[in-house]
Amino acid sequence: MIKELLLGKRIGETIKINGWVRTFRNNQFIALNDGSTISNIQLVIDFKEYEDTILKRINPGTAIYAEGQLVESLGKGQKVEIKVAKLVILGDSDPEKYPLQPKRHSLEFLREIAHLRFRTNTFGAIFRVRNSLSFAIHKFFNDNGFVYMHTPIITASDAEGAGEMFKVTTLDLDDVPKTENGHADYRQDFFEQATNLTVSGQLEAELGAMAFSKVYTFGPTFRAENSNTSRHLAEFWMIEPEIAFADITDDMNLAEDLLKYVIKYTLDNNLEDLEFLQQRLIQEEKQKPQNQRSEQALIEKLEFVLNNDFERLSYTEAINILMRSKPNKKKKFKYIIDKWGADLQSEHERYLVEKHFKKPVILTDYPKDIKAFYMKVNDDNNTVRAMDILFPGIGEIVGGSQREENLEMLLKRMEEMDVPAEEMQWYLDTRRYGSAEHAGFGLGFERLVLFVTGMSNIRDVIPFPRYPGSAKF
RNA sequence: GCCUCCAUAGCUCAGUUGGUUAGAGCGGCGGACUGUUAAUCCGUAGGUCCAAGGUUCAAGUCCUUGUGGAGGCGCCA
């Protein structure tokens, strides 16, 4: 692979290499990339030895095989290069049609050709970083004694309350069998009941935690919300650890440790990619007014997160800060905070993270009315042991809580919030037999990738994004 | 779902108050050069001005509707 050759340890050896042409300069210099690194290796050919018809076929995107000696470069831009002795064109790329020219393209254009965008420096870097983050997550949990649990993607449960779901059915949509009441008759469907794509693996992960003590899920999750933002996808990947014999503080510690670990892992293993993404961001922000530019460069920002404790405060404390804040007093907020109990809007979260604390913030102990049924109610009977981690530029990256382990309390909450207990006996059994304090959270993987890469649209950090009106590729 | 903005060459964009033949850079093609670094130099082709309808003597430009895109909001991860 090119990554290994560029280390320069094999100078003098005859090298065999495959890759795709990025540029072909001066009829002599091929910049070759194979995706192993953002850097290209330079192949030097003697154009006098090749027919014009061959040279014409060396174009951006062409797949080639080459053999030759790895030598110290005579030019200035690179340390090593390959003096080509044999060159084979494996796959042509018609320059009149190939959409990736050696020039800057807009992210929007590249999104339309998502099947080719991995071949650009930017998307190569993004998806190598995505891969590292994914690996680092598994490594973190594995090293810490967690069991990786595969929770179902098709579920009959719609009780998570996490949002609109995609229906899963084999019924003929042009001729749906009906019940006596005129509703679709799911008894005739594949699973003999209504099923959906999962919105969360949490409930199943709780079942696992009550046996393995520490589990995590890491898989695709689906929301059929009509969300048109740069932070939402209809299909996204979520990490959901669940830990038994643990409270909300353990949960926060776990989330903070995990985030710091995976960020450090990419800094240690993907520095070249991050440096490229940092430059890309600087260039992009040059076009913005000064006050909208980042205060820190990308790598500096990642190191800052690594080296500082996340600010932990309660919802109540946050409301007090917000009520006393300038934008609230001067009515600059679209939604003015005037009383305890209000749901925090993203403008408020941004104020806390980006203006007030200038660091990641963990908000805890939210009013129970604005949170899910399974969260443990505090002694004040008004708040629940929920925690959200807010990141600058991203907003909510983690949402978690200590779970209600007391059966009576849980049943009461389900009744209050109209969650059908009879359908969830399997879940309630965890509270019937050996119930124990436990907690967990959900981490939006793409939001993590957004933060680490400095990209601003979530559709650019997943290979083939799914969002309202779009399921191409 | 709501609000704002945008749509002109393969890409990025300019196009004046509505006025004759719609421009540039990059890319493509042809040639030159041959240690280049998104090479350089010379030449050249390339347009359903998003779609439909309307206003007007005249529409890339104004109006309406639709489609696509971007940003923001809500829902959340």
Side-chain angles (χ1 to χ4, degrees), chain A residues 21-31 39-48 52 55-56 59-61 71 73-78 81 83 94-113 120-121 160-164 199-202 218 220-240 255 287-288 292 333-335 343-350 370-372 388-391 394-400 441-451 456-460 462 467-470 472:
Chain A
V21 175
R22 282 292 171 82
T23 62
F24 182 35
R25 285 184 292 268
N26 231 357
N27 263 354
Q28 289 179 93
F29 306 102
I30 299 169
S39 305
N40 305 318
I41 195 158
Q42 176 156 285
L43 308 185
V44 186
I45 65 168
D46 183 351
F47 62 89
K48 294 184 198 89
D52 264 10
L55 296 176
K56 291 271 182 230
N59 294 309
V71 296
S73 179
L74 302 175
K76 281 183 183 150
Q78 56 284 314
E81 62 193 21
K83 201 95 187 144
D94 183 347
E96 270 191 276
K97 292 176 183 158
Y98 188 58
L100 294 173
Q101 309 144 5
K103 61 163 286 190
R104 262 187 70 87
H105 291 96
S106 67
L107 296 173
E108 292 80 16
F109 171 68
L110 293 170
R111 208 173 293 148
E112 288 170 19
I113 51 164
T120 65
N121 287 333
E160 290 94 335
E164 287 295 309
V199 292
S200 164
Q202 180 200 311
F218 185 0
T221 310
F222 308 87
R223 304 274 165 91
E225 301 287 342
N226 190 9
S227 297
N228 293 288
T229 82
S230 51
R231 298 182 311 281
H232 291 84
L233 290 165
E235 176 183 291
F236 64 101
W237 289 65
M238 186 151 67
I239 297 103
E240 294 179 287
Q287 292 158 15
K288 292 184 179 174
Q292 286 175 27
F333 283 143
K334 195 173 164 205
Y335 297 91
D343 213 344
L344 298 182
Q345 309 295 324
S346 51
E347 58 181 345
H348 308 127
E349 296 180 349
R350 270 213 306 279
I370 59 174
K371 288 291 181 182
D388 284 357
I389 302 186
L390 311 176
F391 262 35
I394 310 287
E396 187 178 342
I397 194 167
V398 163
F441 62 83
L443 165 62
F445 185 54
E446 282 75 19
R447 290 190 181 173
L448 175 63
V449 182
L450 266 186
F451 181 75
S456 46
N457 194 317
I458 202 163
R459 296 167 189 182
D460 293 330
I462 187 167
Y467 50 94
S470 185
K472 272 175 280 183

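Here is the naming used below: chain letters follow the sequence lines, and residue numbers restart at 1 for every chain.
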- Item | ring centroid sep under 5.5 Å plus plane angle under 30, A:Phe47 with B:U34 |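 Check passed, A:Phe47 stacks on base of B:U34.
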Which nucleotide in [options] has an atom nearest any side-chain atom of [X]:
{"X": "A:Glu96", "options": "B:C73, B:C29, B:U34", "value": "B:C29"}
{"X": "A:Leu233", "options": "B:A77, B:G35, B:G27", "value": "B:A77"}
{"X": "A:Asn27", "options": "B:G28, B:G31, B:C33", "value": "B:C33"}
{"X": "A:Lys56", "options": "B:C73, B:G31, B:U36", "value": "B:G31"}
{"X": "A:Gln101", "options": "B:A70, B:G35, B:C11", "value": "B:C11"}
{"X": "A:Tyr335", "options": "B:G74, B:A70, B:C26", "value": "B:G74"}
{"X": "A:Thr229", "options": "B:G74, B:C76, B:G69", "value": "B:G74"}
{"X": "A:Thr23", "options": "B:A39, B:U36, B:C73", "value": "B:A39"}
{"X": "A:Gln28", "options": "B:G35, B:C29, B:G69", "value": "B:G35"}

Could a donor-acceptor pair under 3.5 angstrom be found where the side chain of [X] meets the base of [N]?
{"X": "A:Gln78", "N": "B:U36", "answer": "yes"}
{"X": "A:Glu164", "N": "B:G1", "answer": "no"}
{"X": "A:Arg231", "N": "B:A77", "answer": "no"}

Measuring only the [atom1] atom in each nucleotide, how far is [N] from [M]? A whole number of Å is fine.
{"N": "B:C49", "M": "B:G43", "atom1": "P", "answer": "29 Å"}
{"N": "B:C26", "M": "B:A39", "atom1": "P", "answer": "12 Å"}
{"N": "B:A9", "M": "B:A24", "atom1": "P", "answer": "14 Å"}
{"N": "B:U44", "M": "B:G68", "atom1": "C1'", "answer": "33 Å"}
{"N": "B:G27", "M": "B:U65", "atom1": "P", "answer": "42 Å"}
{"N": "B:U20", "M": "B:G31", "atom1": "P", "answer": "38 Å"}

- Going by an N to O cut-off under 4.0 Å, is there a salt bridge joining A:Asp388 and A:Lys371?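 A:Lys371 and A:Asp388: salt-bridged.
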Respond yes when some side-chain nitrogen or oxygen of [X] is under 4.0 Å from OP1 or OP2 of [N], and no when none is.
{"X": "A:Ser106", "N": "B:U12", "value": "yes"}
{"X": "A:Arg459", "N": "B:A70", "value": "yes"}
{"X": "A:Arg25", "N": "B:A39", "value": "yes"}
{"X": "A:Gln345", "N": "B:C73", "value": "no"}
{"X": "A:Asn26", "N": "B:U36", "value": "no"}
{"X": "A:Ser227", "N": "B:G74", "value": "no"}
{"X": "A:Asn228", "N": "B:A70", "value": "no"}

- Assign each of A:Ile397 and A:Ser230 to its nearest nucleotide of RNA chain B by heavy atoms, then name whichever residue's nucleotide is nearer the 5' end.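 Going by which nucleotide is closer to the 5' end, it is A:Ser230.
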- Query: To the nearest angstrom, how far is A:Asn40 atom CG from B:U36 atom P?
  - Reply: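 Spelled out: CG on A:Asn40 to P on B:U36 is 18 Å.
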- Interatomic distance, A:Phe109 CZ vs B:A7 P [rounded to whole Å]: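 Nearest whole value for this atom pair: 18 Å.
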- A:Phe24 and A:Phe29: aromatic ring centres closer than 6.0 Å?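 Between A:Phe29 and A:Phe24, which both carry aromatic rings, the centre distance is not below 6.0 Å.
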- Verify the ring-centre separation between A:His348 and A:Phe333: is it less than 6.0 angstrom?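 Yes, close enough.
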- Watson-Crick or G-U wobble partner for B:A7, using a 3.5 Å limit on both distances?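 Base partner found: B:U67.
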- Message: Do A:Arg223 and A:Phe236 form a cation-pi contact, if we require the NZ or CZ to be under 6.0 Å from the six-membered ring centre and within 45 degrees of the ring's axis?
- Response: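 Because its charged atom misses either the 6.0 Å distance or the 45° angle limit, A:Arg223 does not stack over A:Phe236.
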